Amino acid sequence: MSATATRDLPCQEIVELVTDYLEGAMDAPLRASFEAHLAGCPHCTHYLEQIGAAIRIAGTIRAEGLSPDFRAGLLEAFREFPRG
């Protein structure tokens, strides 16, 4: 495969690569493959839109705007979150 050739990406791989795509952290061939998949897959396109919206909304939340109970719940949830 040449440096600019695209490859078929399954939906599962698209889901795993969404963050890299949104952050612009893909090389050109992988980005082309990703976008080629999106062009033919409305489900992955919708998923990408949902993740993008969640990131935009999350970026508007300020810690001082959260209730103490909500903050405590978040801290507890992440305290128990498995680390890799």
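Predicted model only: the values in this text are computed from it and were never measured.
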Partners passing side chain to side chain contact (heavy atoms under 4.5 Å, CB included) against T19 (at least two apart in sequence or in another chain): E23
R31: partners by salt bridge (Lys or Arg N to Asp or Glu O under 4.0 Å), with sequence neighbours left out: E35
Qualifying residues under side chain to side chain contact (heavy atoms under 4.5 Å, CB included), relative to I55, sequence neighbours excluded: L22, I51
Sequence neighbours excluded, every pair satisfying side chain to side chain donor-acceptor pair (under 3.5 Å) that has a member inside residues 70-82: E76-R79
Candidate pair L30 and D20, rule side-chain contact (heavy atoms from CB on, under 4.5 Å), full reasoning: CA-CA 10 Å; L30 182 56; D20 288 347; 6.0 Å; no
Pairs meeting criterion ring pair (Phe, Tyr, Trp, His ring centres under 6.0 Å) with involvement of residues 27-75, two or more places apart: Y21-F34
Minimal non-hydrogen separation, R56 against E49, with atom names: NH2-O, 4.4 Å
Distance, nearest 0.5 Å, that separates OG of S33 from CG of L17: 10.0 Å
Pairs satisfying side chain to side chain donor-acceptor pair (under 3.5 Å), at least one member in residues 57-69, at least two apart: none
Test item: L48 and I14 side chains (from C-beta on) under 4.5 Å apart, heavy atoms: no
Joint hydrophobic cluster, L74 plus I61, side-chain heavy atoms closer than 4.5 Å: yes
